[in-house]
Amino acid sequence: MNHLADGSGVSTAPFLAFLLTVCATLFLCLVSSSDGEDLTEFYTARSYLTPLRNALALCGDYVSVLILLSATGSVALAGFDGMILTVGSATAMGVLLVLAQPLRNIGRFTLGDTFRARFPSRAARIAGAVATLCYCLPLAMVQLSAAGRATAVLVGLPRIGAGQSCTVLIGVMMICAAAVGGMRGISMLQAVKTVLLLGALAVLVLVMLGHLGWNPGTLLEDAARGSGHPDAYYGPGLLQGTGLTGRTEQLSLLMTVILGAAVAPHMLMRLNSARSGAAARHSATRALTMVAVLHVMAVVLGLGVAAVVGARAVIASDPSGGNALLLLADRLDSDGLLQAAVVSAVFLTSLSVVAALLLTAAASLVHDLLAHGTRDRHMSAASEIRTVRWTTVAVGCATLALATACYTWPVQFLAHVCAAIGASAILPTLVYQLFWKGYTRTGLLWTVYGGLACCLLLQFFGPAVSGGPAALFPHSDFAWFPLHTTGLVSIPVGFLLGWAGSRISTRPTELQVPYAELEAQSLTGSHG
């Protein structure tokens with residue numbers, strides 16, 4: 001017990017649970033993998049998924065290792081600010097719920113297909129592929145690194161070499177799951193992951209409340225006392241400060257997370273797994289309920305971490321609070337069962353999300369750039385599926401190599417970069433495409449590439465990259481943008497560029513589907 005605190009030895013129960021989960025995952029991928037030469041089956045598994053199973057998979061797509069591990073830590077260390085961020089993160093599913101039905105009705109497989117629904121040109125499809133790759137690949141790298149680090153700590157081997165080995169092991173599993181399973185196999189993993197995660201967190205909440213005598217008042221009091229800031233714990237300011245800069249940082253972070261996570265390309269691809277627009281809306285509604293329950297439990301567990309473990313022990317293990325949930329399970333566990341459940345939940349969470357990201361990136365590369373990116377290229381369904389599988393392996397290996405090489409680097413800020421790309425480049429494009437008659441292909445290209453460039457430029461010259469001890473380059477200082485996340489500026493810029501590009505377009509006869517036809521399709525699913 002308490003091997004997480006002292007870093008001693010390998011905890012046998014979690015390690016055996018990890019191995020059993022690996023074997024079960026291989027079996028699930030094998031029996032649930034997509035077969036045949038049907039693109040719809042491979043990319044969306046549409047005939048295989050019921051609305052409930054699709055909702056479980058959609059919830060699984062959204063809840064990543066970063067959310068699972070950072071939510072409890074932010075609540076434990078930052079109190080009110082952490083709760084606001086955790087609850088705000090859950091509201092992203094509400095944004096997706098609003099867009100679910102029309103996006104499913106006009107979508108086919110990839111984000112490039114969705115863009116092309118109104119602008120049937122190679123440029124629109126290529127823009128979708130670029131946005132997808134810029135979102136999925138950095139996020140997959142961060143997820144791999146976080147999963148390897150968490151798994152190494154869970155099995156009692158927190159050293160850097162052990163963490164890199166765990167990253168490689170988990171990465172190979174993820175690559176196999178994505179390449180072999182296709183959407184059907186990944187959907188099974190996501191559904192199992194969601195059920196296991198709900199069960200594991202519920203048991204952990206009950207054990208924690210029992211440890212505190214089933215008294216919510218005791219939980220709140222002990223949490224404030226254990227945080228080290230008893231007078232400020234339930235007030236704003238612990239995370240970003242109480243000044244203007246702190247409030248601005250908090251607003252920018254909330255905007256970025258809520259709007260960016262809602263339009264993640266792998267989640268948009270998941271919507272296409274629904275059998276109709278109405279089914280997509282029902283799946284999103286159920287997924288929103290599951291995500292809300294998970295985040296409420298994360299808040300309660302964060303309070304439990306502060307009360308039972310204490311902020312000092314959390315910071316000593318990981319200053320960012322990433323080990324908070326693991327420390328709580330270790331402190332409450334007497335026979336290894338809780339640790340085993342957490343091992344399995346963390347592993348399946350990382351496996352399923354990264355597998356979905358890799359499949360989405362590979363599908364966009366092949367379907368949007370190779371199969372349809374040139375005028376005269378034709379690729380059969382069998383050839384496209386085979387190419388996607390091998391591309392998944394290639395993309396996965398490259399991402400794994402980067403995650404392993406950058407294991408000790410502070411690259412967690414890349415998750416916020418990805419969310420900013422979604423909120424600044426993808427969301428404005430989708431909103432304008434669905435709801436503005438005057439939107440043009442030029443506006444789409446300005447939105448995607450301009451929003452993407454704005455995010456990357458501001459982030460590179462922000463404090464997350466240089467100018468501070470926790471920055472990517474701590475010994476350099478070329479930061480002039482004051483915020484760690486760019487959403488407060490880049491999101492309005494993305495919308496403004498889409499409007500400006502559409503207004504000044506000199507090609508009024510651009511090839512595009514009439515808006516009335518697209519509107520009818522988005523509402524009913526009919527093609528005219």
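Please read all numbers here as calculations on a predicted model, not as lab measurements.
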- Message: Could you report the tightest heavy-atom contact between L268 and A262, atom names first, then the distance?
- Response: CD2-O, 4.5 Å

- Nearest heavy-atom approach of I258 to V95 is CG2-CG2, 4.1 Å

- Message: For a 4.5 angstrom cut-off between non-hydrogen side-chain atoms, does V393 reach C397?
- Response: yes

- Item | Spacing of L259 atom CG and L427 atom CG [to the nearest 0.5 Å] | 5.5 Å

- Message: If we count only N and O atoms by modelled type, under 3.5 Å, do the side chains of S350 and Q143 hold a donor and an acceptor together?
- Response: no

List the atom pairs, with distances to 0.1 Å, where a side-chain N or O of residues 194-213 and a protein N or O form a donor-acceptor pair under 3.5 Å, not counting sequence neighbours.
{"unit_1": "T194", "atom_1": "OG1", "unit_2": "L56", "atom_2": "O", "d": "2.8"}
{"unit_1": "T194", "atom_1": "OG1", "unit_2": "G60", "atom_2": "N", "d": "3.3"}
{"unit_1": "T194", "atom_1": "OG1", "unit_2": "Q190", "atom_2": "O", "d": "2.9"}

- Item | Rounded distance (nearest 0.5 Å) linking atom SG of C176 with atom CE of M174 | 11.5 Å

- Query: Going by atom types only, do T44 and S273 share a side-chain donor-acceptor pair under 3.5 Å?
  - Reply: no

- Item | side-chain contact (heavy atoms from CB on, under 4.5 Å) between L351 and I170, worked out | CA-CA 7 Å; L351 172 66; I170 293 174; 5.5 Å; no

- State, to 0.1 Å, how close A471 and P463 come at their nearest heavy-atom pair, and which atoms those are. CB-O, 3.5 Å

- Query: Does a side-chain heavy-atom distance below 4.5 Å link W409 with L472?
  - Reply: yes

Let me have the donor-acceptor pairs involving side chains of residues 286-311, under 3.5 Å, with sequence neighbours excluded, atom names and distances please.
{"unit_1": "T289", "atom_1": "OG1", "unit_2": "T285", "atom_2": "O", "d": "3.3"}
{"unit_1": "H295", "atom_1": "ND1", "unit_2": "V291", "atom_2": "O", "d": "2.8"}

- In terms of side-chain heavy atoms, does S187 have a donor or acceptor partner in R270 at a distance below 3.5 Å? yes

- Quick one: closest heavy-atom pair of T349 and S64, and the distance? CG2-C, 3.5 Å

- Task: Would you mind telling me which of T360, V353, L359 makes a side-chain contact (heavy atoms from CB on, under 4.5 Å) with L357?
- Result: V353

- Please test Y135 against L111 for side-chain contact (heavy atoms from CB on, under 4.5 Å), starting from the C-alpha separation and ending with a verdict. CA-CA 12 Å; Y135 193 110; L111 183 61; over 6 Å; no

- Message: Could you tell me if Y62 and S89 have a donor-acceptor pair between their side chains, going purely by distance under 3.5 Å?
- Response: yes

- Item | A261 to M267 - nearest heavy-atom pair and separation | O-SD, 3.6 Å

Report, one line per pair, each donor and acceptor closer than 3.5 Å where one atom sits in a side chain of residues 71-79; sequence neighbours left out.
{"unit_1": "T72", "atom_1": "OG1", "unit_2": "L69", "atom_2": "O", "d": "3.3"}
{"unit_1": "S74", "atom_1": "OG", "unit_2": "S70", "atom_2": "O", "d": "3.2"}
{"unit_1": "S74", "atom_1": "OG", "unit_2": "A71", "atom_2": "O", "d": "2.9"}

- Message: Quick one, M183 and Y43 - any side-chain contact, counting heavy atoms below 4.5 Å?
- Response: no

- Polar side-chain atom of Q459 near backbone of H484 as donor-acceptor pair, under 3.5 Å: yes

- Task: Would you please name every residue forming a side chain to side chain donor-acceptor pair (under 3.5 Å) with D318, sequence neighbours left out?
- Result: S320

- Query: Could you give the distance from CE (M83) to CG (L239), rounded to the nearest 0.5 Å?
  - Reply: 12.5 Å

- Task: For the pair Q164 and V168, evaluate side-chain contact (heavy atoms from CB on, under 4.5 Å) and give the outcome as yes or no after the intermediate values.
- Result: CA-CA 6 Å; Q164 290 175 318; V168 172; 5.6 Å; no

- Task: Compare all side-chain heavy atoms of R104 with those of R281 and state whether any distance is below 4.5 angstrom.
- Result: no

- Message: Using a 3.5 Å distance criterion without hydrogens, assess whether the side chain of S490 forms a donor-acceptor pair with backbone atoms of T486.
- Response: yes

- Okay, side chain of T485, backbone of G487: is any donor-acceptor separation there less than 3.5 Å? no

- Query: Going from CG on L97 to OG1 on T91, what distance comes out if it is rounded to the nearest 0.5 angstrom?
  - Reply: 12.0 Å

- Query: In Å, rounded to the nearest 0.5 Å, how long is the span from CG of L96 to CG of L58?
  - Reply: 6.0 Å

- Query: Any side-chain heavy-atom pair from P482 and T245 closer than 4.5 angstrom?
  - Reply: no

- Note on the structure: Output for pair (L103 CG, Q101 CD), nearest 0.5 Å, gives 10.5 Å

- Message: If the condition is side-chain contact (heavy atoms from CB on, under 4.5 Å), which residues does T248 pass it with, not counting sequence neighbours?
- Response: L244, L483, L488

- Note on the structure: Heavy-atom closest pair (S352 atom, K193 atom, distance to 0.1 Å) is OG-NZ, 3.4 Å

- Task: Could you tell me whether a side-chain N or O of N54 sits under 3.5 Å from a main-chain N or O of S283, the two making a donor and an acceptor?
- Result: no

- Decide whether T167 and T404 meet the rule of one side-chain donor and one side-chain acceptor closer than 3.5 Å. no

Could you go through residues 216-225 and list every donor-acceptor pair under 3.5 Å that involves a side-chain atom there, pairing it with any protein atom two or more places apart or in another chain?
{"unit_1": "T218", "atom_1": "OG1", "unit_2": "N215", "atom_2": "ND2", "d": "3.4"}
{"unit_1": "D222", "atom_1": "OD1", "unit_2": "R225", "atom_2": "NH1", "d": "2.7"}

